[in-house]
Amino acid sequence: MEVMLGIVLAITIFTTLAAAASSAASPVTFVFGDSLTEVGNNNYLQYSLAKSNYPWYGIDYAGGQATGRFTNGRTIGDIISEKLGIPSPPPYLSVSQNDDALLKGVNYASGGAGILNDTGLYFIQRFSFDDQIQNFNKTTEAIKAKIGGEAAAKLCSEAVYFIGIGSNDYVNNYLQPFLADGQQYTYDEFVELLITTLEGQLMRLYKLGARKMVFHGLGPLGCIPSQRVKSKTRQCLKRVNEWVIEFNSKVQKLVASLNRRLPKAKLAFADTYGDVFDLINNPTAYGFKVSNTSCCNVDTSLGGLCLPNSKMCTNRNDYVFWDAFHPSDAANAVLADKLFSRLFPQPPSLAPAPSH
């Protein structure tokens with residue numbers, strides 16, 4: 001019953017987006033997350049070590065320049081925006097507080113961010129999920145000052161909120177042997193800490209006016225190149241994937257619980273674990289050749305970004321992974337298409353592939 005309710009709510013949210021996209025007014029969307037959804041906030045953080053504002057990032061993005069996206073081209077969010085015929089929300093830090101652009105939505109995502117504030121600590125500067133919610137609070141105050149309290153409340157309640165966070169709490173926290181959380185907590189204690197913290201954060205967003213929230217579940221982190229490198233045979237790390245499946249299951253239950261408890265809440269859980277796992281296990285079925293290593297050949301358990309001196313693969317569309325953590329533009333196109341077609345009755349066509 002809870003799964004069916006979640007599907008109905010997801011369809012309701014995406015239908016709202018589609019209806020708004022086809023009308024004169026663009027749908028208002030706010031994005032929260034980490035490097036999988038970042039579009040350039042960390043470029044504005046002077047001391048952040050979690051940046052991708054250099055070659056070869058962005059080589060397949062419009063203009064061929066790095067934008068702060070952690071891939072060679074577009075994020076899944078970019079592609080979904082394209083499918084809806086709307087611009088991808090700009091980085092929060094690129095928009096001044098008195099800019100009318102705030103009324104159309106912004107992207108708060110920050111590479112290295114996690115549910116926990118100590119996640120990604122070694123990146124020096126990044127916006128944790130708590131920081132991103134605080135930035136959204138500042139946005140709501142700016143919107144109130146611009147259009148008044150009643151209109152601001154209506155805008156926030158009708159907006160759609162995309163949230164994709166939690167990968168770094170594993171990859172750049174619990175799974176790093178030199179960090180405290182992996183020593184301090186058993187896994188059961190750690191996942192409960194994540195879920196309890198996330199519950200408080202979603203409640204805070206609700207109190208700030210958010211109603212239509214989509215939480216994008218985690219993919220099989222045990223299969224990303226930075227984790228495979230820990231296996232002598234370069235296989236997926238089964239235990240890590242089992243932990244991710246448990247996390248996703250607990251978030252799904254949390255979403256259902258919040259929908260019951262919070263009036264007019266329409267939270268949905270987008271589960272793409274199976275899609276990503278199938279893409280990695282059966283790459284040729286989707287037109288790929290390589291899924292166990294990265295195009296940039298930077299598979300290390302710490303680091304793993306595509307630096308300017310990295311030896312890039314010759315055909316980027318052959319690779320599921322761009323660097324040791326992030327999918328390629330071509331993989332993001334496949335995954336965005338799968339997510340989109342599941343939520344709409346008529347399957348849309350694939351987003352156009354970037355030209356090289």
Side-chain angles (χ1 to χ4, degrees), residues 34-40 42 49-79 82 109 111-112 164 167-168 171-172 218-231 233-237 240 272 275-338 350-356:
D34 50 33
S35 55
L36 292 171
T37 45
E38 190 191 338
V39 293
N42 286 11
L49 298 180
K51 290 184 181 179
S52 58
N53 59 340
Y54 48 80
W56 301 105
Y57 289 94
I59 189 170
D60 295 313
Y61 193 74
Q65 299 296 312
T67 61
R69 288 165 171 81
F70 285 77
T71 181
N72 57 309
R74 304 159 297 173
T75 67
I76 289 176
D78 289 328
I79 296 164
E82 283 177 21
S167 295
N168 285 315
V171 175
N172 285 305
L218 304 187
L221 296 177
C223 294
I224 66 175
S226 76
Q227 297 304 302
R228 279 184 187 259
V229 78
K230 299 176 183 179
S231 161
T233 54
R234 287 295 184 105
Q235 300 300 307
C236 295
L237 302 187
V240 174
T272 56
D275 292 335
V276 181
F277 192 72
D278 190 51
L279 177 59
I280 293 169
N281 273 348
N282 304 295
T284 55
Y286 300 92
F288 295 90
K289 293 181 180 176
V290 184
S291 63
N292 63 348
T293 187
S294 63
C295 170
C296 282
N297 194 27
V298 285
D299 304 351
T300 58
S301 55
L302 185 63
L305 293 182
C306 188
L307 299 174
N309 62 352
S310 300
K311 185 173 172 55
M312 207 172 22
C313 63
T314 51
N315 190 344
R316 298 182 286 281
N317 286 341
D318 284 347
Y319 284 73
V320 170
F321 287 97
W322 167 243
D323 60 22
F325 304 98
H326 308 102
S328 64
D329 177 279
N332 281 337
V334 170
L335 296 172
D337 192 60
K338 278 180 167 285
L350 269 172
S355 57
H356 288 177

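A quick note: this is a predicted structure, and the numbers were derived from the prediction, not measured.
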Non-hydrogen atoms of Val320 and Pro283 that approach each other most closely: CG2-CB, 4.4 Å
Under 3.5 Å donor-acceptor, Ser35 side chain and Gly111 backbone: no
Heavy-atom side-chain proximity of Tyr61 to Thr71 below 4.5 angstrom: no
Nearest non-hydrogen partners of Ser226 and Val171, listed with the distance: OG-CG1, 4.2 Å
Straight-line distance of Asp329 CG to Ile79 CD1, nearest 0.5 Å: 5.5 Å
Intermediate values then yes/no, side-chain contact (heavy atoms from CB on, under 4.5 Å), Tyr54 and Leu305: CA-CA 11 Å; Tyr54 48 80; Leu305 293 182; 3.7 Å; yes
Heavy-atom pair with the smallest gap, counting every atom of Phe321 and Thr293: CB-O, 4.1 Å
From CA spacing to verdict: disulfide (SG to SG under 2.5 Å), Cys306, Cys295: CA-CA 9 Å; Cys306 188; Cys295 170; over 6 Å; no
Arg228: salt bridge (Lys or Arg N to Asp or Glu O under 4.0 Å) partners, not counting sequence neighbours: none
Asn72 and Met312, any side-chain heavy atoms less than 4.5 Å apart: no
Side chains of Leu307 and Val298 in contact at under 4.5 Å (non-hydrogen atoms): no
Arg234 versus Asn292, closest heavy-atom pair with distance: NH1-O, 4.4 Å
Under the side chain to side chain donor-acceptor pair (under 3.5 Å) test, residues paired with Asp278 that sit two or more places apart: Asn282, Tyr286
Arg69: which of Thr37, Asp78, Asn332 passes side chain to side chain donor-acceptor pair (under 3.5 Å): Asp78
Test log, rule side-chain contact (heavy atoms from CB on, under 4.5 Å), inputs Leu221 and Ser167: CA-CA 7 Å; Leu221 296 177; Ser167 295; 3.8 Å; yes
Heavy-atom closest contact (Thr75 atom, Glu38 atom, distance): CG2-O, 3.9 Å
Separation of SG atoms, Cys223 and Cys236, below 2.5 Å: yes
Nearest heavy atoms of Val240 and Gly222, plus distance in Å: CG1-N, 3.6 Å
Parallel, tilted or perpendicular: rings of Trp322 and Tyr57 (30°, 60°): perpendicular
Heavy-atom donor-acceptor pair, Asn42 side chain to Ala50 backbone, under 3.5 Å: yes
